[in-house]
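Here is the naming used below: chain letters follow the sequence lines, and residue numbers restart at 1 for every chain.
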Number of protein chains: 2
Amino acid sequence: MATIRELARLCGVSPATVSRVFNNPEVVNARTRDEVLRAAQQIGYQPNASARTLATKKSSMVGLVWDTDHRRPGWRHPYFQEILIGLKTALSGRGYHLLLLATSEEKPEESYVHAVRRHNLDGVVMIDSGNRDPSLGYLAESGIACVSLDRPLEGPRTTYVTSDNVGGARQAVRHLYEQGRRSIATISGPAGTGPGTDRLRGYVEELAALGLSQRPEHVVEGDFYLSGGVAAMRRLLRAPEQPDAVFVAGDEMAVGALRAIAEAGLKVPEDIAVVGFDDIELAGLVIPGLTTVAQDKAGIGAAAAEAVVAMINGADAPPPQVLPTTLVVRGSSRL
Amino acid sequence: MATIRELARLCGVSPATVSRVFNNPEVVNARTRDEVLRAAQQIGYQPNASARTLATKKSSMVGLVWDTDHRRPGWRHPYFQEILIGLKTALSGRGYHLLLLATSEEKPEESYVHAVRRHNLDGVVMIDSGNRDPSLGYLAESGIACVSLDRPLEGPRTTYVTSDNVGGARQAVRHLYEQGRRSIATISGPAGTGPGTDRLRGYVEELAALGLSQRPEHVVEGDFYLSGGVAAMRRLLRAPEQPDAVFVAGDEMAVGALRAIAEAGLKVPEDIAVVGFDDIELAGLVIPGLTTVAQDKAGIGAAAAEAVVAMINGADAPPPQVLPTTLVVRGSSRL
DNA sequence: CTGAAAGCGCTTACAG
DNA sequence: CTGAAAGCGCTTACAG
């Protein structure tokens, strides 16, 4: 309500001085600074964000690109909620607000770029819901500070944050080995996705490192959903040599695998041990509890916030950040 | 990049005319309008949001107040993600963006109100995570268009949206009755919350309507979390007369109840039938599947969007909106 | 350390 | 139907 002009008059200074009190306090006389601050407090002065943005070309807002098209339900993954909150919290702490961008309906090449310009967004974070969206590329090339989650991106001021999918998968396989399992199968994620391919690579690498041979029929591709996990597990159970363990590249699929195993009259972990990936809430709720490779969801959000703010502040694009995972051992893998 | 002035010069008209083309197209000559539109398209002109907001005092942004304090994990409820998306989608369709407001760290009475003023937010939606936040009251009284979810609110331009918690609870109890159950217990939500008290009321009312007597020891209060459901169910199992059915006021608690029942060596639904509330993803994933009263999460978000936009457009505060629930019957209640 | 002035990019009565 | 002008509330060289 109160404007900078009113506050200035009240304190007997110019608007410029008031502005300096808020933006460059060290250059103004301590006594007047305190007085302005006190008066501002008293009348509840709040600098108008639009006026400031108009003058500075900076909005203190970061856009979130998150394709939530209902026809492609990748966004429902419960994992995103915690990432979102981690992102919001870390951004808030650095003085930025998060603006949820409408999913593009107009020409995709331009929609996000336009939104960024219209609102003078300082940066953008994009969540990869697995929906292939060409407009992300345009954003990345537009020159805005841009960090994506789980998906490498080309562009001048671009980086990405992801979990150590390869390392996590290796942890999982090693754990199964240490539990005495020697015939370890995997249900992978979709081949097109970063996490899908990386977790599969980790599986392959660790098998080799352990000196176990890899059987083609022990690798089945899933889709990250429960039903895909069920189907994939059924196929594994029909393999000539039935595995005694399976590393599943996502918790939802892993729950599906548990179901398929139960349906076949087999026991977890006695007959088949199961390890998932993600550590969604569900992992701790099924019986037996699902051993899984936990992603640091809040950490991913925070790392994205940190990276985008660094670039906004003029830093070069930081290298991709790969966050460590943690193996959470529950009943599904331990006798 | 391009400004209204450049576009105007390009078309040989005044900036005022260009402005009218975008804000009041019907008043400008059709030929010039088309020409301006075409030129705008061509040079990729995007009206600057800050300049517009500064001039009009309207931002086309709605704030989301969502307390995600990590010490109080109410916000983790998976239900919020779908509401959030429903809200965002419906808001986008009406030309509004959603701004996630930082949780207040400064004096709560002012923080949100300040954010609203700074950014000229047109309206606010607040998610009640069950965290008692006094600042919400200040917001409601501040005169901004304001809709809250699941929590009645006093204020000049205020309304709220909620599921039919009473009716949903009655559906659940009636369903159990129709399955032949006559000793129906309940695990309620916390007494302080709207959904908690309403679902309990529905239970009580339907019991009465069915002519069943209500036993005090068959009503146990839970906390909406899994562990609370386990504890509450254990208490019910120690009751002098063991119930043959239980209506649980939230799905997470219901899963806890399933667990406590299994732990006691009893079978669901044979010994005890269970019905939950919410229809979170988990409900369809446990074995047996959890019968539950589904909330229309996307609908709640959409209704909130509609209400806030209506008030922004000058309508009086619409009456509270109570969305119907749907009983989803799964294995936990059906022999 | 401080002020006067110009400018950021729009919108909107007011005239015509 | 259109334009000139003032104004929205800030910031920031430029002088002093």
Go through the steps for A:T162 and A:D150 under the test side chain to side chain donor-acceptor pair (under 3.5 Å), then give the verdict.
CA-CA 5 Å; A:T162 187; A:D150 282 340; 2.9 Å; yes
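A donor-acceptor pair is defined here as one N or O able to donate and one able to accept, closer than 3.5 Å; no such pair exists between the side chain of A:R20 and the backbone of A:P25. Proximity of a side-chain donor or acceptor of A:K297 to a complementary backbone N or O of A:Q295 within less than 3.5 Å is detected. In this structure, the side chain of B:K57 does not engage the main chain of B:A55 through any donor-acceptor pair within 3.5 Å. No donor-acceptor pair under 3.5 Å is formed between the side chain of A:T158 and the backbone N or O of A:E154.
Annotation: ring pair (Phe, Tyr, Trp, His ring centres under 6.0 Å) contacts involving residues 4-52 of chain B, sequence neighbours excluded, comprise B:F22-B:Y45.
For B:R20 and A:A51, each mapped to the nucleotide of DNA chain D holding its nearest heavy atom, the one lying further toward the 5' end belongs to B:R20. Position along DNA chain D of the nearest nucleotide to A:P15 versus B:N29 favours B:N29 as the more 5'-ward residue.
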Taking Watson-Crick (N1-N3 plus N6-O4 or O6-N4) and G-U wobble (N1-O2, O6-N3), each under 3.5 Å, can you produce the dot-bracket string of DNA chain C? Use [ ] for crossing pairs and | for inter-strand ones.
|||.||||||||.|||
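Across all strands shown, A:T56 has heavy atoms under 4.0 Å from sugar-phosphate atoms exclusively, and none from any base. As judged by a 4.0 angstrom heavy-atom cut-off over every strand, B:F22 is placed among residues making no nucleic acid contact. Contacts of B:T32 with the nucleic acid, taken as non-hydrogen atoms under 4.0 Å apart, involve only primed sugar atoms and P, OP1 or OP2. Counting non-hydrogen atoms under 4.0 angstrom, A:S19 reaches a base of the nucleic acid.
Comparing the same atom, P, in D:dT2 and in D:dA6 gives a spacing of 23 Å after rounding to whole Å. The gap from the P atom of C:dA5 to that of C:dC1 amounts to 24 Å, rounded to the nearest Å.
For the atom pair CD1 of B:I300 and CG of B:L323, the computed distance is 5.5 Å after rounding to the nearest 0.5 Å. Distance check, rounded to the nearest 0.5 Å: NE2 of B:H119 to OG of A:S50 gives 8.0 Å.
Here the range on DNA chain D touched by chain B, meaning any atom under 4.0 Å from one of its heavy atoms, is D:dC1 to D:dG9.
When only modelled atom types and interatomic distance are considered, B:R52 and B:N23 share a side-chain donor-acceptor pair under 3.5 Å.
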